[in-house]
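Counting from 1, the numbers follow the sequence of the chain as shown.
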Amino acid sequence: MAVLTMAPGSRSYDITVQRGALSRVGELFDLDRRVLILTDSGVPAQYVQAAAGACRTPFIMTVQAGEASKSPECWLRVLSRMADCGFDRHDCLVSVGGGVVGDLGGFAAACYMRGIDFYQVPTTLLSQVDSSIGGKTAIDLDGYKNQVGAFWQPAGVLIDPDVLDTLDARQFACGMAEIIKMFALYDGEMFARLERGGAALPADRALTGEVILRALAVKKRVVEADETESGLRKVLNFGHTVGHAIESAAAESGDPLFHGECVGLGMLCVTHGTVRERIAGLIKQYGLPLTFRGRADALLKAMTHDKKSSGGILTTVRVPEIGRFTFEQTTAADLLRESREVLDLL
């Protein structure tokens, strides 16, 4: 077992990483109250029931799996469910699932009665290493990613690598995209380790556990230094400016891509030479897409709605060599032109 204490400033909390930890959820979280367990239709029922069985008064709410559930309408339904069940500010919400229910549940908890406790039980690799920690909560608006949200830190996070046994290969690969991102920024040693032996994941349980912990260490370091993304935390957006635009454009076209797949493409769009080749090698190793065909106008429109845009200028993260990063300012139009080396634009 490993316990990492996240101490960003507004609230400290423990991140427990342990195989089989889901069976200890009642010990690790304060569930002796009314608890809304928010999950989605793709989460195995046994994980939801394990959490519910540890609560004094559980209420289960299941939303449809997929990004479409990060909508204002779905967010309002979560708030209404808590109100209907008589929740007060001493009750809490537990998100059991991936990044969608984590973001949705966290934002609902941040707003209900001006903020109640919420806990994260991430069941995908991507949510375990990224979205479940750090306190970023949000919903989408008018087809654009994470346009409405709040910084609201969880009261605790439980990461049980055993739940990855039920994760399909595509979802596992999406988590690896975020891990590749973090190691490319901060941990050249682990990046090289993946190049040498990462194909053994997830079967190699020891390596899987080490990869999760090293990725969490990167996220923890950054969030503690900059909780509300006023400076350093922007580094975690590596690959996300173009990636989010691809995600929005793909959804609009009717052929959606997963978040991790889009982040992988986004990293390729803002790297060059040996760095791009090395990132592409790992992306290919996990079966993530290397190209995307889409409309240039849709991508440009999505990038102009990016939260990191200020006065038409975008701050992008660059990786001149694995393990080192810089920030660079550019325009959406210039970034799109640069992306033509990777994207097939119509």
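Using a 4.0 Å cut-off between charged side-chain N and carboxylate O, R193 and E189 make no salt bridge. Look at D297 and R295 and you find a salt bridge, because one of the NZ, NE, NH1 or NH2 atoms lies within 4.0 Å of a carboxylate O, short of that distance. Between R205 and D162 there is a salt bridge, with a side-chain nitrogen of the basic residue lying less than 4.0 Å from a carboxylate oxygen of the acidic one. Between D226 and K234 there is no salt bridge, since none of the side-chain N atoms of the basic residue sits less than 4.0 Å from a carboxylate O of the acidic one. Looking at R77 and E73, no side-chain N of the basic residue comes within less than 4.0 Å of a carboxylate O on the acidic one, giving no salt bridge. Electrostatic pairing of R33 and D88 does not count as a salt bridge here, judged by no charged N lying under 4.0 Å from a carboxylate O.
Atom CZ of R324 is surrounded by more than 12 heavy atoms from other residues, nucleotides or ligands within 6.0 Å. Applying the 6.0 Å contact sphere to CZ of R56 captures more than 12 heavy atoms from other residues, nucleotides or ligands. Residue R221 qualifies as open at atom CZ: its count of foreign heavy atoms under 6.0 Å is 12 or below. Counting non-hydrogen atoms of other residues, nucleotides and ligands closer than 6.0 Å to NZ of K301 gives a total of 12 or fewer.
Residues L236 and K219 have side chains in contact (heavy-atom distance under 4.5 Å, counting atoms from C-beta outward). Annotation: side chain of V100 is in contact with side chain of S69 (closest heavy-atom distance under 4.5 Å). In this structure the side chain of Y286 never reaches within 4.5 angstrom of the side chain of C174, judged on heavy atoms. Counting heavy atoms from C-beta outward, R24 and Q18 have side chains that approach closer than 4.5 Å. Side chains of Q171 and L125 form no contact here, defined as non-hydrogen atoms less than 4.5 Å apart. In this structure the side chain of Q147 never reaches within 4.5 angstrom of the side chain of D140, judged on heavy atoms. Looking at M303 and L336, their side chains come closer than 4.5 Å, going by heavy atoms from C-beta outward. Contact check for E328 versus V317: no side-chain heavy atoms found under the 4.5 Å cut-off.
Between the side chains of T166 and Y47, a donor-acceptor pair is found at a separation under 3.5 Å. When only modelled atom types and interatomic distance are considered, R318 and T316 share a side-chain donor-acceptor pair under 3.5 Å. Side-chain polar atoms of H240 and E247 form no donor-acceptor pair below 3.5 angstrom. No side-chain N or O of E195 forms a donor-acceptor pair with one of Q285 less than 3.5 Å apart.
I283 is connected to V270 through a chain of hydrophobic side-chain contacts under 4.5 Å among Ile, Leu, Val, Met, Phe, Trp and Tyr, so both are in one cluster. Each of Y144 and I246 belongs to its own hydrophobic cluster when Ile, Leu, Val, Met, Phe, Trp and Tyr are linked at side-chain heavy-atom distances under 4.5 angstrom. Following chains of ILVMFWY side-chain contacts shorter than 4.5 Å, one cannot reach I15 starting from F151, and the two form parts of different hydrophobic clusters. Hydrophobic clustering (ILVMFWY, side-chain heavy atoms < 4.5 Å, transitive): F258 and V43 are in distinct clusters. Using a 4.5 Å cut-off between side-chain heavy atoms of Ile, Leu, Val, Met, Phe, Trp and Tyr, with links allowed through other members, M176 and L126 fall into different hydrophobic clusters.
A donor-acceptor distance shorter than 3.5 angstrom exists from the side chain of S23 to the backbone of G20, with no hydrogens or angles considered. When atom types are taken as modelled, the side chain of T62 and the backbone of T39 share no donor-acceptor pair closer than 3.5 angstrom. Here the side chain of R81 pairs a donor or acceptor atom with the backbone of I60 at under 3.5 angstrom. Side-chain atoms of R233 do not come within 3.5 Å of backbone N or O of V223 as any donor-acceptor pair. Put simply, the side chain of Q153 gets close to the backbone of G135: a donor and an acceptor are under 3.5 Å apart. Using a distance-only test at 3.5 Å, with no hydrogens or angles considered, no donor-acceptor pair links the side chain of Q329 to the main chain of T315. Under a 3.5 Å cut-off, the side chain of R276 and the backbone N or O of L268 do form a donor-acceptor pair. Distance alone, capped at 3.5 Å, is enough to place a donor-acceptor pair between the S95 side chain and the V101 backbone. No donor-acceptor pair under 3.5 Å is formed between the side chain of D14 and the backbone N or O of T16.
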Q) Between L38 and F118, does a side-chain contact (heavy atoms from CB on, under 4.5 Å) hold up when you go through it step by step? A) CA-CA 10 Å; L38 183 66; F118 90 106; over 6 Å; no
Q: Please step through side-chain contact (heavy atoms from CB on, under 4.5 Å) for the pair K145 and S248, ending with a clear verdict.
A: CA-CA 7 Å; K145 289 275 294 182; S248 296; 4.1 Å; yes
**Q.** Audit row: L314, V242, side-chain contact (heavy atoms from CB on, under 4.5 Å) steps and yes/no
**A.** CA-CA 11 Å; L314 288 163; V242 181; over 6 Å; no
Q: Test ring pair (Phe, Tyr, Trp, His ring centres under 6.0 Å) on F87 and F59 and set out the steps.
A: CA-CA 10 Å; F87 276 52; F59 300 88; 5.7 Å; yes
Q: Please report the C-alpha distance between T5 and Y13 in whole Å, then the side-chain angles of each, then the deciding distance to 0.1 Å, and finally whether the side-chain contact (heavy atoms from CB on, under 4.5 Å) criterion is met.
A: CA-CA 6 Å; T5 299; Y13 54 94; over 6 Å; no
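H244 and H259 have tilted rings, their planes meeting at an angle from 30° to 60° on a 0 to 90° scale.
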Side-chain donor-acceptor pairs of residues 102-109 under 3.5 Å, sequence neighbours excluded:
| unit_1 | atom_1 | unit_2 | atom_2 | d |
| --- | --- | --- | --- | --- |
| D103 | OD2 | K70 | NZ | 2.8 |

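Note that the CD atom of Q64 and the CG atom of D40 stand 8.0 Å from one another [nearest 0.5 Å]. Between atom CZ of residue R89 and atom OH of residue Y112 there is a gap of 10.5 Å, rounded to the nearest 0.5 Å. Atoms CE and CG, on M61 and L36 in that order, are 7.0 Å from each other to the nearest 0.5 Å. Here D160 contributes atom CG and L158 contributes atom CG; the two are 6.5 Å apart, rounded to the nearest 0.5 Å. Between atom CG of residue L213 and atom CE of residue M190 there is a gap of 9.5 Å, rounded to the nearest 0.5 Å. The OH atom of Y119 sits 12.5 Å away from the CD1 atom of I37 when rounded to the nearest 0.5 Å.
In terms of heavy-atom proximity, G42 sits nearest to A65 at N-CB, 3.8 Å. Scanning both residues, A21 and L28, for their nearest heavy atoms gives O-CD1, 4.3 Å. Between C92 and L31, the shortest heavy-atom contact is SG-CD2, 4.3 Å. Residues A332 and T304 share a closest heavy-atom pair of CB-CG2, 4.3 Å. Contact detail for V96 and A51: the closest heavy-atom pair is CG2-CB, 4.1 Å. Between A184 and V319, the closest heavy-atom pair is O-CG1, 3.7 Å.
Taking the ring centroids of Y186 and F325, they lie under the 6.0 Å cut-off.
In this structure, R278 is not positioned above the aromatic face of F191 in the sense of NZ or CZ being under 6.0 Å from the six-membered ring centre and within 45° of the axis.
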